[in-house]
Amino acid sequence: MLLIPCPWCGKRAQTEFTYRGDATVERPDLADSDAQWYDYVYTRDNPRGEHTEWWHHTGGCRKWFKVRRNTWTHEVISSEPPVRD
Amino acid sequence: MGAFRNSSGGTLDRTQRIRFRFDGKQYSGFQGDTLASALLANGVRVVGRSFKYHRPRGVFGMGVEEPSAMVRLRTGARAEPNVRVTEVELFDGLEAHSQHCWPSVNFDLGAIANVMSPLLPAGFYYKTFMWPATKWMFYEHFIRKAAGFGSSATEPDPDNYSRSYEFCDVLIVGAGPAGLSAALSAASSGAKVMLVDETPDGGGRLRFDDEVINDQPADKWLNETLHELSKMPNFDLRFRTTAFGYYDENMVAALERVSDHLPEPEPGQVRQRVLQIRAKQVVLASGSIERSIPFGYNDKPGVMLASAVRGYALKYAVACGRRAVVFTNNDSAYATVAALHAVGAQVVAVVDSRTQSPGKRALEQLGDVKLIQGSVVMKTKGLRSVQAVEIGQITGEGDSPQKSHTIRCDLVCVSGGWTPTVHLFSHAQGKLNFDDSIGAFVPGADIPALHVAGSANGEFSLAACLRQGSDAGIESAKQAGYEITESVSIPTAPEESVSDMEPLWGVPRMGSRAKRFVDIQNDVTIDDIELAHTEGFVSVEHLKRYTTLGMGTDQGRTSNINGLANLARLREAKVPEVGHTTFRPPYTPVSLGALAGIDFGEHLSPVRRTPLHQWHERNHAHLQNSGAWKRPAYYPQTGENVQDAILRETRHVREKVGITDVSSLGKIDVQGRDAAEFLERIYINRWKSLQIGRCRYGLMLREDGFVFDDGTSTRLSENEFYMTTTTANAGPVLEHMEIYAQTVWPDLHVHLTSISDQWAGMALAGPFSRNVLSSVIGEQAASNENLPYMGVIKARIADVSVLVFRVSFSGELGYEIHMPSRQAELVWETILAAGQEWEIAPYGLEAMTILRIEKGHVVAAELDGRTTAADLGFGRMMKPDGDYVGKRLAERSALTANGRKQLVGIKSIDSSPIPRGAQIIAEPSKGKPAQTVGQVTSACFSPHINREIGLALIKEGRLIYGKTMYAASPLTGREIPVEVVHHIFIDPEGERVRG
Ligand SMILES: [Zn+2]
């Protein structure tokens, strides 16, 4: 079972978290094309290897954060709070 | 005592005699026996019949490696199938039964399968699958009777199981020489050390090898070490505990058999416990398992692993036979000679397949017993157990052996070399390398925080096992952050000079039809592997499934390497090129009871009770499950049936006044200077314009444009909103909003707090509801001017601060009153007392459902994830300007096109009830397939209009009011004519709620 490093609480068992997939997609603007919106809502890559993912500390501080993780080796590389430019 | 037991020796308590029954017959053993040692001591050789051919089988091993001697242990509700007799600790009154045999273990009708075995080749089952289905039905009947392992109990399990979460610095798996040596080193650093071992007393090979450690008998060292460790506060030893799986980040799952060695658990004691051990460092000292050599009829009772024969002699003072032949390809088996002599058995010969001489120590152990070098046991003879063996001489590489002579004997002690137990290393995704010198896979490249020591690592010398263990203990403690301050003294053992083993993956056939078993649990022979290869099953994974090699409860512990090596021989490849099948948890079978732990029955999922639960129970509410909630369905009065109670409550709300518990609604406190802006983006309608002290109905979409949830939200102050959600979506809505608040619009200042549990709610509804409210908060406060429709005020009831919302789910004049959960019952009682004058009565979920259907309010049945706001009649709520969740995809052509299903009401034209979930068709089907144009989402009998009514989603339904359609239930075959009407059946102008 994975240990997920919550940026606020530290390493906790995977069962405390909810997974939400790709954290690199950005919600488009209203003016953006149908294709961009379609991709945002429906299309996700499923990479083997390093992947940046959203995790939610559902059974803890209830914060969403980004985890950089290797989907092949299960190695957790880093985690950070959500930041926007 | 049994004729095969010495009067002295072993680690038994001979003062404690234990009675047990096997197949109904009474036997006795001693405290300290296993069922296997007690059966052998009593001369019981045939313990069961084999899986496929129903051949007689006896005890083959001594512990977890036992492939064949499995019984049904205990009786009744505690009966357990496929239990290895080698792992059953004897207890008084134990009852065991053999498996796979009828009518008896010594005369088994199923053994006809043995005679007919040419008809049951590898892949037999798969081939029958491919036959016509009708024939399969015919074969299945017989196969099911004849094949398969034992049957489980049919009664509920009377025992309790639990789970425990353990944390340690260093977890050591295996309490043999390497594991104990690791424990001594690691624990001396002060690190928190946990040691698990599957046996009741540990010791590993010291239980079957008479060895010397630190210049004294090894059992003395063993006892002293266990004693020394047990005094250390940072050391936790768990015997009878099998580490069965390794998971990410050094989490090891283990099964602790707490009371399996007792007739039944002590009061309050669990039977088994699953440990989830999170260790900073793990040391695998899981040892190795001796393997067999496939020769003719090598499955017969009387053929045993050489190490097991030594163990029964050393630990239990049992002679597994009277005249033994040792058959080996390595030095380790020579120690069996002395062990057998010690219990009074005769060793006729040691047959060694090697031409090279065994090592110095082996020759010493041989003594004056005859050594037959360069030879093999070709086959055993004897009906139900071994009576003789045929010896053959190997004449040259690849040639068939030449039969030289026959030796009369009743025991063959076989050793084909040793296979490291690398299961957990493999679970950890560790790569295995094939080591030619031992003929087995060993752990390859290092894995962080995981250390392998001793014979699990392919290191078979005792001295080296002790050293490796100690090194692993020191290293793991260091890596866990501990200093080794004192110098650690490594236990020592005499260095050995050992000759190499020479692989012997099977004795070549010599015109004999004798089956050479590779896997004696699954009855897989070398011929089966050859057949599979001929038929093209040349990958190890295919071979496994086609022949069943290495399947079952045993997973090929004594047989896999032999099987792989034979496949390699046929493919003219090397074993590592052929590879090995994947090791998957669990290492040994784990009962479903242990895995479930306490999570069954009422503990399977938590029950949620509203703050008014006790009041409902005291007042005889019929409670109903609604998700995890227990909610009152109705409050039957004396002599009243269900239907009458529900209709009475419904009419009471329409005619007088009722009160119902709505505490299960989700409640979310939304605060922050951007709270209004945030709601504006979460809901489809406007929120910034909402005045303080007013509430509004809101609808939210998912980002894909479909409706997600609805509820009312109230502006309590400029920057604070009190949001309600549906009961079912309380959790998901909060999570949904957290995603947007934290990840999509983190620039908005908004804080979300679930207050669902902290706040209770009750709905007061009916023509007299204002009278009741006035009597508790005052006439002025409850007046239409002070509290208009969709208004919200703060008030006090029974000195409790409450929020009063002028909202209605029923369609009647109504209010919701929310208050801190702890005061809910006080407020509820106060309102009931005040409402007596207007005959106030509680109503339940059933009446509420009828009231809301009559009013056309949507719930989860209509918000099914496929409906748009417009489908439900909320199209005009969607604000045209600004962004909100789901806006963009709600504008997709498919979601706005004509022809979508729309929410309508339906009325049964005759008086038939409308089946919920029925499909809507335009014409009676007359038994032919019909095109559906919609479906019934909710249905009930409406006391208000005295008709069966419902809500439905029908294609362009709002254009066909007045038309007759048919609600068809394929389940009942009924088709009910219904009239399509507007979905609001009562007070469409909303005069009642505004009155
Ligand atoms: Zn956290």
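Every chain is numbered from 1, with letters handed out A, B, ... down the list of sequences.
Closest of all the heavy-atom pairs between Val885(B) and Arg27(A) is CA-NH2, 3.8 Å. Nearest heavy-atom pair across Glu249(B) and Val76(A) is OE2-CG2, 4.4 Å. Closest approach of Gln429(B) and Trp72(A) over heavy atoms only: OE1-O, 4.1 Å. Glu735(B) and Thr18(A) make their closest contact through OE2-CG2, 3.4 Å (heavy atoms, listed as atom of the first residue, atom of the second, distance).
Under the 4.5 Å side-chain criterion, counting only non-hydrogen atoms from C-beta, Asp248(B) is not in contact with Gln14(A). At least one side-chain heavy atom of Tyr42(A) sits under 4.5 Å from a side-chain heavy atom of Asp704(B). Two residues are said to be in side-chain contact when any heavy atoms from C-beta on lie closer than 4.5 Å; Tyr40(A) and Glu703(B) meet this criterion. When side chains are defined from C-beta on, Leu752(B) does not count as touching Arg62(A), because their heavy atoms never get closer than 4.5 Å.
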Legend entry - Criterion side-chain contact (heavy atoms from CB on, under 4.5 Å) on Arg888(B) and Asp34(A), from CA distance to verdict: CA-CA 8 Å; Arg888(B) 194 60 168 67; Asp34(A) 284 358; 2.7 Å; yes

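Judged by distance alone, with hydrogens and angles left aside, the side-chain atoms of Arg278(B) form a donor-acceptor pair with the main-chain N or O of Met1(A) at under 3.5 Å.
For Tyr740(B), the part sitting under 4.5 Å from any heavy atom of chain A is the side chain, from C-beta outward, and nothing else. Heavy atoms of Lys66(A) lying under 4.5 Å from chain B are absent altogether.
In His74(A), the NE2 atom is crowded: over 12 heavy atoms of neighbouring residues, nucleotides or ligands sit closer than 6.0 Å. Remark: Tyr19(A) OH is packed, more than 12 non-hydrogen atoms of other residues, nucleotides or ligands lying under 6.0 Å away. By the 6.0 Å contact criterion, CZ on Arg20(A) is open, its count of non-hydrogen atoms from other residues, nucleotides or ligands being 12 or less.
Taken from CH2 in Trp64(A) to CD1 in Ile739(B), the straight-line distance is 4.0 Å, to the nearest 0.5 Å.
Your options are Met251(B), Gln742(B), Glu891(B), and the one with the most heavy-atom pairs under 4.5 Å with chain A is Gln742(B).
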